[in-house]
Amino acid sequence: MEDITVIECLNYCDENNIKPWLWDFKNYSLSPFPNDSITACLKYKELPENEGIDCDKAALFLYKVLGWQDNPKAITRGETINSYTTTFTQAVTKDPNYKKICKKIGVNLDEYLNKQYPILYHNKNYQNFDIIQKNIKRFELFAKLTHTIGNFTVLPHWMNTGRYNFSKDYWDITMLSLQEWFAILPKGTWNSFVDTFYLQPYVNDKYEVELFWDNHTDSKPFPKLQHYPIFLKKVNERIEERGKFIIKQVCDKLNQKDYHFYKEIENMDKIKFSNEF
């Protein structure tokens with residue numbers, strides 16, 4: 001039954017001229033779906049807990065085919081690799097004119113910003129912030145890719161909150177911590193982990209984690225002004241590369257290759273390492 005669900009999804013994408021690695025799982029929660037990808041991200045984040053779906057959990061039907069997770073109550077569950085709102089919020093709040101802009105558009109500085117998303121996406125007010133505006137295309141693409149299969153993996157579900165506390169949801173820092181832990185296990189365990197979850201875009205061809213920017217650490221997790229274009233370029237490239245490769249694995253495992261979109265990935269025999277971008 002799970003395979004049929006996957007095939008139905010692939011059929012739907014092909015019939016509607018959608019590349020499945022670009023399928024945005026927020027579509028299950030937002031109707032009508034906003035044309036603006038940043039607005040879509042912010043609207044999804046403001047949904048109450050009992051509304052909509054958890055995007056990275058909704059991809060279970062793909063995880064089953066990939067051999068990552070068997071049932072929704074398994075210890076390993078869907079996880080979003082790279083957080084959009086973390087970097088977006090930093091880009092907004094670190095603007096040198098943050099207070100002035102907030103006053104102009106009506107943001108209350110005494111309240112949490114994530115409770116005022118409607119103000120930010122109304123008339124695309126987020127474009128008033130300089131870092132967003134200067135990197136608008138890359139922020140828009142990141143918002144579009146955030147809830148696609150290329151930005152999902154599975155982890156023990158209890159790691160979710162703990163991971164944020166030290167890494168602020170930056171995946172390179174998470175990977176560094178995992179690499180250090182795997183180093184005490186039998187040789188090859190780390191490489192096997194990377195290969196199983198198609199995480200090669202985050203390590204070089206020696207299976208060493210590559211940072212999103214120089215000197216990125218858990219003590220200094222947030223980007224500075226010069227880091228935003230570097231990070232956004234890297235994260236967008238890696239999500240899309242990984243998404244394409246995952247969809248190819250799914251199609252190949254199910255022997256479902258008679259799709260228009262498959263022509264774009266049929267010769268994708270390997271996934272790029274970080275140093276190959």
Side-chain angles (χ1 to χ4, degrees), residues 38 41-42 44-45 55-56 78-99 109 112-117 120 126 129-136 138-143 145-148 150-183 190 193-194 197 199-204 207-242 273-275 277:
I38 295 178
C41 254
L42 298 181
Y44 173 72
K45 284 297 183 180
C55 289
D56 47 31
E79 170 79 343
T80 300
I81 291 178
N82 299 288
S83 165
Y84 183 81
T85 52
T86 298
T87 301
F88 175 85
T89 301
Q90 283 294 305
V92 169
T93 57
K94 297 306 178 183
D95 190 294
N97 296 309
Y98 175 65
K99 292 183 179 179
L109 294 172
Y112 287 115
L113 186 63
N114 62 2
K115 302 299 183 183
Q116 302 178 77
Y117 282 162
L120 291 181
Y126 56 77
F129 298 93
D130 191 55
I131 298 173
I132 301 290
Q133 182 56 47
K134 286 182 176 178
N135 298 280
I136 189 63
R138 286 173 176 165
F139 267 110
E140 288 172 347
L141 181 56
F142 188 20
L145 294 173
T146 294
H147 294 109
T148 62
N151 201 34
F152 296 161
T153 189
V154 297
L155 289 174
H157 67 85
W158 48 264
M159 289 181 66
N160 195 322
T161 302
R163 176 193 157 203
Y164 177 80
N165 289 338
F166 82 94
S167 72
K168 306 308 177 194
D169 279 345
Y170 283 97
W171 187 245
D172 57 340
I173 296 177
T174 301
M175 286 280 283
L176 278 174
S177 68
L178 290 171
Q179 185 174 30
E180 183 177 342
W181 176 45
F182 275 77
W190 168 250
F193 169 76
V194 170
F197 296 105
L199 294 169
Q200 291 92 334
Y202 297 95
V203 299
N204 62 28
Y207 283 80
E208 300 164 336
V209 175
E210 291 206 347
L211 300 177
F212 285 138
W213 60 84
D214 291 342
N215 301 315
H216 190 203
T217 66
D218 57 350
S219 61
K220 296 180 180 179
F222 297 122
K224 294 182 179 179
L225 182 62
Q226 68 271 23
H227 297 144
Y228 285 94
I230 297 170
F231 166 71
L232 292 168
K233 180 178 185 295
K234 286 186 176 182
V235 77
N236 289 335
E237 289 175 339
R238 282 149 182 75
I239 294 173
E240 189 160 1
E241 170 76 7
R242 188 168 172 271
F273 286 95
S274 184
N275 57 299
F277 283 91

All salt bridge (Lys or Arg N to Asp or Glu O under 4.0 Å) counterparts of Lys94, not counting sequence neighbours: none
Worked verdict on Ile239 versus Asn82 for side chain to side chain contact (heavy atoms under 4.5 Å, CB included): CA-CA 9 Å; Ile239 294 173; Asn82 299 288; 4.0 Å; yes
Over all atoms of both residues, closest heavy-atom pair of His216 and Lys220: CD2-O, 3.5 Å
Sub-6.0 Å ring centroid separation between Trp213 and Tyr170: yes
Non-hydrogen side-chain atoms of Phe231 and Thr87 separated by less than 4.5 Å: yes
Ser83 and Trp171, any side-chain heavy atoms less than 4.5 Å apart: no
Phe142 ring center near Phe88 ring center (under 6.0 Å): no
Any side-chain heavy-atom pair of Met175 and Val203 under 4.5 Å: yes
Between OH on residue Tyr126 and CD1 on residue Ile38, distance to nearest 0.5 Å: 4.0 Å
Ring center gap for Tyr207 and Phe273 short of 6.0 angstrom: yes
Any side-chain donor near an acceptor of the partner, Tyr84 and Asp169, under 3.5 Å: no
Smallest separation among heavy atoms of Ala143 and Cys41, with atom names: O-SG, 3.7 Å
Side-chain donor or acceptor of Thr89 paired with backbone N/O of Thr86 under 3.5 Å: no
Donor-acceptor under 3.5 Å (Arg138 side chain, Ile132 main chain): no
Interatomic spacing from CD in Gln116 to CG in Asn114 - rounded to 0.5 Å: 9.0 Å
Backbone N/O of Lys234 and side chain of Arg238: donor-acceptor pair under 3.5 Å: yes
Polar side-chain atom of Asp56 near backbone of Thr80 as donor-acceptor pair, under 3.5 Å: yes
Evaluation steps, side chain to side chain contact (heavy atoms under 4.5 Å, CB included), between Phe129 and Leu120: CA-CA 10 Å; Phe129 298 93; Leu120 291 181; 3.9 Å; yes
Pro223 side chain near Tyr228 side chain, heavy-atom distance below 4.5 Å: yes
More than 12 heavy atoms from other groups under 6.0 Å of CG on Asn215: no
Least distance between heavy atoms, Pro221 atom then Asp218 atom: CD-O, 3.6 Å
pair Ile81-Phe152: side-chain heavy atoms closer than 4.5 Å: no
Ring pair (Phe, Tyr, Trp, His ring centres under 6.0 Å) evaluation trace for His147 with Tyr44: CA-CA 10 Å; His147 294 109; Tyr44 173 72; 5.0 Å; yes
Minimum-distance pair of heavy atoms, taken over all atoms of Pro201 and Ser274: O-CB, 3.2 Å
Evaluation steps, side chain to side chain contact (heavy atoms under 4.5 Å, CB included), between Thr85 and Gln90: CA-CA 8 Å; Thr85 52; Gln90 283 294 305; over 6 Å; no
Min side-chain heavy-atom separation Thr153-Arg242 under 4.5 Å: yes
Contact check, side chains of Val194 and Gln200, non-hydrogen atoms, under 4.5 Å: yes
NZ or CZ of Lys168 within 45° of Tyr164 ring axis and under 6.0 Å: yes
N/O donor-acceptor pair under 3.5 Å between Asn135 side chain and Ile131 backbone: yes
Asn151 side chain vs Thr146 backbone, donor-acceptor pair below 3.5 Å: yes
Side chain proximity check, Ile173 to Phe212, heavy atoms < 4.5 angstrom: no
Side-chain (Asp95) to main-chain (Asp130) donor-acceptor, under 3.5 angstrom: yes
Over 12 foreign heavy atoms within 6.0 Å of CD, Glu180: no
Step-by-step side chain to side chain contact (heavy atoms under 4.5 Å, CB included) determination, Asn204 to Val209: CA-CA 7 Å; Asn204 62 28; Val209 175; over 6 Å; no
Least distance between heavy atoms, Glu210 atom then Asp172 atom: O-CB, 3.9 Å
Nearest heavy-atom neighbours spanning Arg163 and Glu79: NH1-OE2, 2.8 Å
